[in-house]
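Report on the structure given below.
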Amino acid sequence: MEKIVMVLSFLSLFLYAEELNTQEHSFKNTCLSCHQQQQIPSALIYKRYLMKYSTNKRMEDAMFIYMKDPKKEHSIMPAPFFLKFPMKENVDLDDDTLRKHIKTYLELFDIKKKLMLEE
Amino acid sequence: MLRSEKRSLIRFLILYLGSTFILFSIASWLFYISSKHHLLDQQRESIKYEAEHIKSQLRTLHQSNAAKLVYPNHTHIQSAIYDLDKTYIFGTFKTEQPLDINKYENRLYHTLKVEPYYLGVAYLMVTKDIDFEPIGKLQKNIILFMLAAGVFFVILGYFLGKLFVAPMRDAIKQMNHFIQDTTHELNTPISTILTNIEMIETFGKHEENSTELKRIEIASKTLNRIYDDLTYINLNHKYHRNIVNLNMSTLIEERMVYFSAMAEAKGLNVTVNTDPDVMLQIDKNDAIRLVDNLISNAIKYNRSKGFLHVTLTEEQFLVKDTGTGIGSKDLSTILQRFKRANKSEGGFGIGLDIVNQVVISYDFALEMNSKEAEGTEVSVKWKK
């Protein structure tokens, strides 16, 4: 009985890791590759969202609104930003996938994880 | 220093120092509370300053692109940062601390709102231990001040007290001098009068003027007794007692002869019951003062043709009269010097004071029962 439980646990972990890997891969292909190509400062954008909204949930909601309807009035970046970078095009993703990508983005650029105490 | 003067000075000092101490204690307490709050406020200001400093450092960290962000750790200060939902982000505490932490009494806490939300931080909580050293110094200074003030006010109070009782002391001294002078002046004329009365009674023809002679004798003996009492009071603290085994029965019989003229003049019915040879260890002069004052009072305040009972047993000496009596409110203070319940007869009010002094000196027990318009009974008891 214990052996079956162990096998099932390992299997579910493996599948979860696989899904994560797949998700990250999808995010990189759908979002990050374009950002990197156009040299959009993703880290800076993250910091701006962080400074305005504080919590991940609030940042996620604000970013979702912008992603669904990319307009200057929904954007967190100042007007001069759009002189250099083009307005984002509408994404053709379902809400669920979009939210997952946003979460991945926040996870990737989360600067709070970098905090440490001096040794 | 006189006894009464000492007593008054002590009472004054107790009242004066007591009230000064209470006032100073209240003032010191209020000062301590106010100063302590000021010291704590200063410490609160210092952690507010630290919080502002940490906030500026959070801004720097937010803008940094370093791979690792070193959280500001200040000496003696602990801090933690929270997002807009008050969720813990990071801090210097050993374990994660909620923002609405249970505050300890010996620590200072300050929560600063951060805007914009550098590193996502909406709240910064800073805490440190209260520095009790300045508060300890404050307590020590207040105690030292109180001690110094106490010494100063004790010295001041003593001199003020002496000034306060000075008029009373002067008045008592004046009265004592007066008594001293009076007794000195009375001695010779009284002795002369009594000696001559005795000579007339023994050798002279006095049948025609026997009534007048009796009156002179009574008046002279009254004067003599007053003189003896004043002398006794004046010299009491310097008087050297000569304790002898005195035959009280004989003494009382002698004194009753001495007072017989006075008693006859008032038409009193006198009964004397003395047990034979009642012996007592006492100075003769003290015994005479005791007996004379009780008998003379019983005669003086008796009604005309009243009764006077004098009893002596192995355990007590009792004098009972049918006189004016003493009111219940005067009974408790009648033994005080110069105190008089009835001013209808002459006197200074020192007789019962003398009786009381003798009673205290020999550890006797004095009991007085009296009813106004009925009479008084005074008993002096001793242990055999």
Side-chain angles (χ1 to χ4, degrees), chain A residues 24 28 31-32 35-67 72-81 84-85 99-119, chain B residues 50-101 111-128:
Chain A
E24 210 176 300
K28 278 182 179 164
C31 313
L32 208 58
H35 277 221
Q36 282 167 345
Q37 203 178 40
Q38 294 182 30
Q39 292 181 326
I40 292 167
S42 304
L44 184 74
I45 294 167
Y46 168 82
K47 283 184 185 180
R48 285 191 77 90
Y49 271 102
L50 182 66
M51 206 160 75
K52 187 170 178 183
Y53 293 106
S54 176
T55 64
N56 277 4
K57 184 72 178 70
R58 285 183 182 83
M59 284 196 291
E60 183 191 314
D61 291 343
M63 289 171 81
F64 180 80
I65 291 167
Y66 174 72
M67 299 291 276
K72 277 185 191 167
E73 47 268 32
H74 295 151
S75 172
I76 200 164
M77 302 311 286
F81 179 82
K84 190 176 176 185
F85 299 100
R99 279 198 181 272
K100 279 182 184 169
H101 284 335
I102 291 169
K103 279 184 176 131
T104 309
Y105 169 78
L106 292 174
E107 189 63 37
L108 189 64
F109 291 99
D110 184 1
I111 59 170
K112 291 173 283 180
K113 287 190 299 192
K114 295 184 190 178
L115 284 167
M116 59 172 269
L117 287 173
E118 196 173 357
E119 282 151 27
Chain B
E50 295 285 348
E52 290 292 337
H53 188 209
I54 292 170
K55 182 181 163 183
S56 71
Q57 287 176 305
L58 289 176
R59 183 185 170 187
T60 308
L61 287 175
H62 182 89
Q63 291 164 348
S64 167
N65 293 318
K68 291 285 176 194
L69 302 174
V70 179
Y71 184 82
N73 193 4
H74 296 195
T75 337
H76 307 304
I77 298 274
Q78 284 184 301
S79 64
I81 47 178
Y82 305 82
D83 65 21
L84 199 57
D85 292 336
K86 297 181 182 176
T87 308
Y88 178 85
I89 300 172
F90 195 79
T92 59
F93 295 100
K94 284 185 184 148
T95 55
E96 212 172 285
Q97 298 289 335
L99 185 59
D100 52 353
I101 188 175
T111 303
L112 181 68
K113 279 189 180 170
V114 179
E115 225 171 316
Y117 309 129
Y118 298 115
L119 296 177
V121 176
Y123 300 100
L124 165 64
M125 193 254 289
V126 176
T127 177
K128 73 177 246 187

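Sequence lines set the chain letters: A, B, ... in the order given, protein chains first and strands last, and positions in each chain run from 1. This one's a predicted model, so the numbers in the text were calculated from it and none came from an experiment.
Residues A/L117 and B/V70 are not in side-chain contact: their nearest non-hydrogen atoms beyond the backbone lie 4.5 Å or more apart.
Under the rule for a ring-ring contact (aromatic ring centres under 6.0 Å, His included), B/F93 has no partner lying at least two apart in sequence or in another chain.
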Can you list the donor-acceptor atom pairs spanning chain B and chain A that come in under 3.5 angstrom?
unit_1	atom_1	unit_2	atom_2	d
B/H62	O	A/K47	NZ	2.9
B/H62	NE2	A/K47	O	3.4
B/S64	O	A/K47	NZ	2.9
B/N65	OD1	A/K47	NZ	3.2
B/A66	O	A/K114	NZ	3.3
B/L69	N	A/K114	O	2.9
B/L69	O	A/M116	N	2.8
B/Y71	N	A/M116	O	2.7
B/L84	N	A/S54	OG	2.9
B/D85	OD1	A/R58	NH1	3.0
B/D85	OD1	A/R58	NH2	3.0
B/D85	OD2	A/R58	NH1	3.4
B/Y117	N	A/M51	O	2.9
B/G120	O	A/S54	OG	2.6

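The contact between B/I89 and chain A is made entirely by side chain atoms (from C-beta outward), counting heavy-atom distances below 4.5 Å.
Comparing B/G91, B/A122, B/A67 by heavy-atom pairs within less than 4.5 Å of chain A, the highest count is held by B/A67.
Of all the heavy atoms in B/L61 and A/L115, the pair that sits closest is CD1-CD2, 4.3 Å.
The line from CG of B/L69 to CD1 of A/I111 is 6.0 Å long, rounded to the nearest 0.5 Å.
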